[in-house]
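Residues take their numbers from the sequence shown, with the count starting at 1.
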Amino acid sequence: MIRTVLIALLVVAIAGTGYWGYSEHQKKNAILIQAENNYQRAFHDLNFNVDALHDKIGETLAMNSRRQLSPTLSQVWRLTSEAHNNVGQLPLSLLPFNKTEDFLTKMGDFSYRVSLRDLEKKPLSDKEYSTLKSLYVNSSEIQNELRKTEALASKKNLRWMDVEMALANNKQPDDNTIIDGFKTVDKSSEGYSQTDFGPEVTNIHNAKKRNVSKLKGENISREDAKKLAIKFFQLKKNVRISVKETGKGSEYKAYSLTMYNPETKATTYMDVTKKGGYPLWVLQDRKVAAQKISLNEAQKQAVSFLNLHMKSKMEVVSANQYDNIGVFTFVNVQDGVRIYPDSVSVKVALDNGDIMGYQGTDFLTSHHERTIPPAKVSEKQARTKLNPKFKMMEKHMAIIKNDVQQEIYCYEFLGVLGDETYVIYVSAENGDEEQVKKLKEGEPDYSSM
C-alpha cells in the first residue's frame with residue numbers, strides 16, 4: 001500500500017515537473033518569437049522607409065515649384081528619422097554600422113535645414129542641388145543592398161535571434177547572409193563621405209558628437225579607476241571590482257567598471273573617462289523594495305550626492321517617480337541662468353535612499369564657462385508672444401539647444417493652459433517662440449523647493 005502511494009506521488013511529482021518545464025519552455029519560446037517578430041518588423045520597416053526616402057529625394061530633383069519643395073524635404077527629414085529608429089531596433093550594436101547611421105543623420109540635417117528657409121527668397125544653390133543628386137545615388141545603393149539582404153534572408157528563412165546571439169557570443173552564425181548584407185550596406189554608405197553638405201550641416205553634425213577632449217587631467221590607469229570607484233561609492237574592501245576599456249568605435253575613451261557587493265547582493269556598473277577619471281554614468285542593479293521615503297526626501301539625497309561630487313552649482317528642474325525609484329534632472333546655473341545643455345540626472349531608490357543611477361555625460365561633454373549676452377527683448381515683450389490663454393506661474397532665464405544644436409538664450413515660462421502644464425521658451429534675442437514642452441502628468445516643477 002505504502003509502495004503504491006509513493007509510486008503515485010512520484011508519478012504526480014514527475015508530471016508536475018514535466019508540466020512546469022513544458023510551461024517554462026513555452027514561455028521562453030513565446031518571448032523569443034515576440035523578439036524575432038519585432039526584429040523582422042523593424043527590418044521590413046527599414047526597407048520600406050529607405051525605399052520611400054529614395055523616391056522622395058528623386059521627387060525633389062524633378063520639382064520646379066519651390067512651394068512644393070519645402071514640404072517634400074520635410075518628408076525626407078521625417079523618413080531619415082524613422083529609418084534611424086528602425087536601425088536602433090535591430091541587434092546591430094556589436095556590428096559596425098556607423099557609416100550608414102552617419103549618412104542618415106547628415107541627410108536628415110541637410111533636408112531639415114533647407115526645408116526651414118524661405119525657398120522663394122533663397123532657392124536651392126547649384127551646390128545644394130548637386131548634394132541632392134549625390135544623396136539620390138547613395139540612397140539607391142543602400143536601397144539595393146537592403147533589398148538583396150531581405151530577399152536572401154526570406155529565401156533561407158533566417159532568424160534575427162540567431163544573429164543577435166552569435167554577435168553577443170563573438171561567434172559566426174551558421175549563415176552570414178544578414179551580417180554580410182549589413183556590412184555591404186555600410187560599405188556602400190562610404191560614398192556619402194565625398195558629399196558636400198555645406199558648413200552648416202557639418203557644424204550641426206559635429207555638435208551632436210559627444211566630445212570629452214576638453215576635459216582636464218592626465219590619463220588614468222585601471223587601478224586608478226578602481227580607486228576612484230571605491231572613493232566615489234565609499235566602498236568596503238570586500239567589494240569585487242572588474243575593469244575593462246571601452247571598445248573601438250566608442251565616442252570617448254573610458255573604463256567600464258563592474259562592482260559586486262556580497263553584503264547587499266547588488267551589482268553596480270560605472271563608466272569613467274580615461275582622461276581625468278570623470279564619472280560618465282552609474283547604474284545599480286538590484287530589486288527596490290516597497291517605498292519608505294518620499295520623493296522630496298529622495299531629492300535631498302540626490303542634492304547631497306551632487307554636492308559631494310560636483311563643484312558647479314546645480315539646480316533641480318524636474319522630479320518624477322517610476323515605481324519605487326525617484327528620477328531627478330539637474331542643470332548647471334551660471335549668473336542666475338539655467339544652462340540646459342549642462343544637465344545631469346540622478347536616480348534614487350525610495351526604499352532606503354540609495355543612489356541607483358547617475359548620468360553625467362551631457363554635462364561633461366558640453367560644460368564650459370559661457371558669456372551670457374544681455375537680453376535684447378524685455379520680459380514684457382517676450383510675454384506678448386505667449387498664448388493669451390496661457391497662465392504663467394514661474395519665469396526663469398535659460399540657455400537651451402534648438403533642433404539644429406544651436407544654443408539659444410531664452411525666457412523660460414512655466415504655466416498652465418486648460419488642464420495641462422507647459423514650459424515655453426521665448427528667445428531673448430529676437431522674441432521668437434523657440435520651444436514648447438508639455439510636462440507629463442504628475443511631473444511638477446521642483447525648481448522652487
Side-chain angles (χ1 to χ4, degrees), residues 88 93-94 96-98 101-102 105 203-235 239-261 266-285 302-317 327-334 339-348 354-370 399 401 405 407:
S93 58
L94 301 174
F97 205 58
N98 51 337
E101 292 184 283
D102 245 17
T105 299
N203 290 338
I204 293 169
H205 191 65
N206 291 337
K208 288 181 179 179
K209 291 183 177 180
R210 290 173 164 176
N211 191 344
V212 297
S213 62
K214 293 181 181 178
L215 294 178
K216 297 179 181 178
E218 301 295 324
N219 285 347
I220 65 169
S221 65
R222 293 187 181 215
E223 284 304 311
D224 292 331
K226 280 187 181 181
K227 291 175 183 177
L228 186 147
I230 291 170
K231 183 179 179 182
F232 191 81
F233 294 105
Q234 299 176 327
L235 298 174
V239 173
R240 298 197 294 272
I241 305 175
S242 63
V243 185
K244 65 178 182 179
E245 292 189 41
T246 53
K248 293 180 180 179
S250 300
E251 291 179 298
Y252 33 72
K253 292 182 179 179
Y255 291 111
S256 292
L257 294 88
T258 302
M259 294 155 277
Y260 176 72
N261 189 333
T267 302
T268 303
Y269 305 93
M270 178 184 189
D271 267 16
V272 299
T273 61
K274 200 168 183 179
K275 184 177 182 180
Y278 297 91
L280 289 161
W281 60 266
V282 172
L283 180 65
Q284 186 181 107
D285 182 19
V303 170
S304 298
F305 174 80
L306 290 184
N307 287 340
L308 185 64
H309 295 295
M310 298 188 74
K311 295 179 181 178
S312 299
K313 182 182 178 183
M314 306 297 290
E315 185 175 292
V316 65
V317 292
V327 182
F328 307 92
T329 301
F330 296 79
V331 297
N332 180 31
V333 177
Q334 181 185 323
I339 315 294
Y340 276 88
D342 296 1
S343 66
V344 301
S345 62
V346 181
K347 293 183 180 181
V348 181
D354 274 356
I355 302 299
M356 295 288 293
Y358 165 78
Q359 177 56 262
T361 308
D362 287 339
F363 181 90
L364 286 176
T365 54
S366 70
H367 178 60
H368 63 276
E369 197 72 17
R370 289 164 173 84
I399 288 178
K401 276 190 176 182
Q405 303 299 303
E407 291 194 354

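- Counting only distance, with no hydrogens or angles, the side chain of S366 and the backbone of P341 share a donor-acceptor pair below 3.5 Å.
- The CD1 atom of I339 sits 10.5 Å away from atom CE of M314, with the distance rounded to the nearest 0.5 Å.
- Counting only heavy atoms from C-beta outward, the side chains of V344 and M310 approach each other to under 4.5 Å.
- To the nearest 0.5 Å, the span separating NE2 on H367 from OG on S312 amounts to 3.5 Å.
- Here CG of L228 is found 8.5 Å from CG of L257. Values are rounded to the nearest 0.5 Å.
- Without hydrogens or angle criteria, Q359 side chain to T361 main chain gives a donor-acceptor distance under 3.5 Å.
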- Query: Given L280 and T273, is the side chain to side chain contact (heavy atoms under 4.5 Å, CB included) satisfied, shown in steps?
  - Reply: CA-CA 7 Å; L280 289 161; T273 61; 3.7 Å; yes
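- The NZ atom of K311 sits 15.0 Å away from the CG atom of L306 when rounded to the nearest 0.5 Å.
- Aromatic rings of F330 and F305 (six-membered ring for Trp) have centroids beyond the 6.0 Å cut-off, not under it.
- Side chain of R222 to backbone of V243: a donor-acceptor contact under 3.5 angstrom is found.
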- Task: Given side chain to side chain contact (heavy atoms under 4.5 Å, CB included), test M259 with N261 step by step and report yes or no.
- Result: CA-CA 7 Å; M259 294 155 277; N261 189 333; over 6 Å; no
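- Counting only heavy atoms from C-beta outward, the side chains of V348 and F328 approach each other to under 4.5 Å.
- Here the closest non-hydrogen pair linking S343 and D362 is O-CB, 3.8 Å.
- Judged purely by distance below 3.5 Å, without hydrogens or angles, the side chains of D285 and T267 never pair a donor atom with an acceptor atom.
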- Task: Start with the C-alpha gap between V316 and V303, add the side-chain angles, then the distance that decides, and say whether side chain to side chain contact (heavy atoms under 4.5 Å, CB included) holds.
- Result: CA-CA 8 Å; V316 65; V303 170; 5.7 Å; no
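- Judged by distance alone, with hydrogens and angles left aside, the side-chain atoms of Y255 form a donor-acceptor pair with the main-chain N or O of I220 at under 3.5 Å.
- Of the inter-residue distances, the one linking Y278 atom OH with L364 atom CG reads 8.0 Å to the nearest 0.5 angstrom.
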- Task: Evaluate side chain to side chain contact (heavy atoms under 4.5 Å, CB included) for E245 paired with K274, printing each intermediate quantity in order.
- Result: CA-CA 9 Å; E245 292 189 41; K274 200 168 183 179; 3.2 Å; yes
- Dump the intermediate steps for salt bridge (Lys or Arg N to Asp or Glu O under 4.0 Å) on D342 and R370, then the final yes or no. CA-CA 11 Å; D342 296 1; R370 289 164 173 84; 2.9 Å; yes
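- In this structure, the side chains of M270 and P279 come closer than 4.5 Å at one or more pairs of heavy atoms.
- In this structure, OH in Y269 is found 6.0 Å from OG1 in T258, a value given to the nearest 0.5 Å.
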- Check step by step if side-chain hydrogen bond (donor to acceptor under 3.5 Å, both in side chains) holds for N307 and S304. CA-CA 5 Å; N307 287 340; S304 298; 5.5 Å; no
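- For the pair I230/I241, a side-chain contact is recorded, criterion being any heavy-atom separation below 4.5 Å from C-beta on.
- Side chains of E369 and Q334 form a contact here, defined as non-hydrogen atoms less than 4.5 Å apart.
- Side-chain contact between Y260 and V239 is absent, with no heavy atoms from C-beta onward closer than 4.5 Å.
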